[in-house]
Amino acid sequence: MPDLSAGSTVKALDTPPTAADAQSASVTTTSTSYTTTGTDCAVSFVAPTTGRVMIHTAARMVNSNATSGTLAAPETRTGGVIGAGTLVEAAADAIGASHYGSTFARSGVVHLLTGLTPGATYNTRLLMRTSVGTDTATFAMRELIIEPAS
């Protein structure tokens with residue numbers, strides 16, 4: 001941690017526990033905008049003293065069209081209520097996982113989120129979309145892990 005020197009005492013806020021959620025059920029969407037569907041794959045967490053966390057997202061994805069995309073990305077907000085609070089970082093293709101094709105593939109990414117207020121509570125949920133609104137994107141085995149970062 002940047003504020004800790006050799007020999008200093010590590011406090012609970014310096015490294016809060018990793019938060020994780022997994023949803024195995026299949027869910028679908030025909031939305032071209034990031035949305036939630038079915039049971040949220042989501043967590044609330046406390047920001048470490050660094051104000052930085054690693055967000056791990058993964059899902060098994062498939063599209064009804066062989067040339068269309070199935071995309072999943074995290075959305076982070078202030079507070080501990082899932083989907084509520086001020087938007088900190090919107091779901092976006094650049095920070096999410098994607099798969100193009102009509103055969104299932106498991107895809108995942110890791111994203112560094114910075115600028116959080118140490119000790120504050122946040123919530124992150126995995127949102128989903130399809131690249132073409134006439135096609136159906138299917139997601140299964142969704143996983144979201146938030147871990148403190150140095």
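Bear in mind that the values here come from a model prediction, so they are computed numbers and not experimental data.
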For this session: State, with a plain yes or no, whether a side-chain heavy atom of T15 is found less than 4.5 Å away from one of P48.
Result: no
For this session: Treating Ile, Leu, Val, Met, Phe, Trp and Tyr as nodes and any side-chain heavy-atom pair under 4.5 angstrom as an edge, say whether L126 and V43 lie in one connected cluster.
Result: no
Exercise. With distance as the sole criterion, is a donor-acceptor pair present between the side chains of Y34 and D93 under 3.5 Å?
Worked result: yes
For this session: Could you pull out the closest heavy-atom pair between T138 and S26, with the gap in Å?
Result: CG2-CB, 4.4 Å
Exercise. Could you walk me through whether L87 and E75 pass the side chain to side chain contact (heavy atoms under 4.5 Å, CB included) check?
Worked result: CA-CA 8 Å; L87 186 63; E75 172 193 76; 3.6 Å; yes
For this session: Go through the steps to decide whether T76 and T124 satisfy the test side chain to side chain donor-acceptor pair (under 3.5 Å), and finish with yes or no.
Result: CA-CA 4 Å; T76 301; T124 299; 2.8 Å; yes
Problem set entry | Any donor-acceptor N or O pair under 3.5 Å, side chains S68, D135 | yes
Problem set entry | Chi angles and distances behind the side chain to side chain contact (heavy atoms under 4.5 Å, CB included) call for Y122, V46 | CA-CA 6 Å; Y122 295 88; V46 175; over 6 Å; no
Exercise. With distance as the sole criterion, is a donor-acceptor pair present between the side chains of T136 and T28 under 3.5 Å?
Worked result: no
For this session: Would you confirm whether S131, through its side chain, and G69, through its main-chain N or O, come within 3.5 Å as a donor-acceptor pair?
Result: yes
Exercise. Taking side chain as C-beta onward, heavy atoms only, is H111 less than 4.5 Å from E89?
Worked result: yes
Exercise. Nearest heavy-atom pair of T18 and P148: which atoms, and what distance?
Worked result: OG1-CD, 3.9 Å
Exercise. What are the two closest non-hydrogen atoms of Q23 and T39, and how far apart are they?
Worked result: OE1-CG2, 3.6 Å
Exercise. For P16 and A47, which heavy atoms make the closest approach, and how far apart are they?
Worked result: CG-C, 4.3 Å
Problem set entry | T130 side chain to N63 side chain, donor-acceptor N/O pair below 3.5 angstrom | yes
For this session: Test side chain to side chain donor-acceptor pair (under 3.5 Å) on H56 and E143 and set out the steps.
Result: CA-CA 8 Å; H56 303 260; E143 192 170 10; over 6 Å; no
For this session: Is it possible for you to say whether L144 and F45 belong to one hydrophobic cluster, with membership spreading through side-chain heavy-atom contacts below 4.5 Å?
Result: yes
Exercise. Are the side chain of R52 and the backbone N or O of S150 linked by a donor-acceptor pair below 3.5 Å?
Worked result: yes
Problem set entry | Atom pair CZ (F104) and CE (M61), whose distance is rounded to the nearest 0.5 Å | 10.5 Å
For this session: Answer yes if L127 and L71 sit in the same cluster of Ile, Leu, Val, Met, Phe, Trp and Tyr residues linked by side chain heavy atoms under 4.5 Å apart, and no otherwise.
Result: yes
For this session: Please indicate whether M141 has more than 12 foreign heavy atoms, meaning atoms of other residues, nucleotides or ligands, lying under 6.0 Å from its CE.
Result: no
Exercise. Quick one: does T70's side chain have a donor or acceptor within less than 3.5 Å of a partner on V62's backbone?
Worked result: yes
For this session: State, to 0.1 Å, how close G85 and R77 come at their nearest heavy-atom pair, and which atoms those are.
Result: O-NH1, 2.8 Å
For this session: Please check if the side chain of R142 supplies one atom and the backbone of V27 the other of a donor-acceptor pair under 3.5 Å.
Result: no
For this session: Report yes or no: do V88 and I146 belong to one cluster of Ile/Leu/Val/Met/Phe/Trp/Tyr joined by side chain heavy-atom distances under 4.5 Å?
Result: yes
Problem set entry | Residues L116, V53; criterion side chain to side chain contact (heavy atoms under 4.5 Å, CB included); working and verdict | CA-CA 8 Å; L116 302 176; V53 294; 3.8 Å; yes
Exercise. Quick one: does T78's side chain have a donor or acceptor within less than 3.5 Å of a partner on T86's backbone?
Worked result: yes
Exercise. So which heavy atom on T29 is nearest to which on R129, and how close?
Worked result: CG2-CA, 3.9 Å
For this session: Measure the CG-CD1 distance between D21 and I145 for me, rounded to the nearest 0.5 Å.
Result: 10.0 Å
For this session: Test side chain to side chain contact (heavy atoms under 4.5 Å, CB included) on V132 and T32 and set out the steps.
Result: CA-CA 6 Å; V132 178; T32 56; 5.7 Å; no
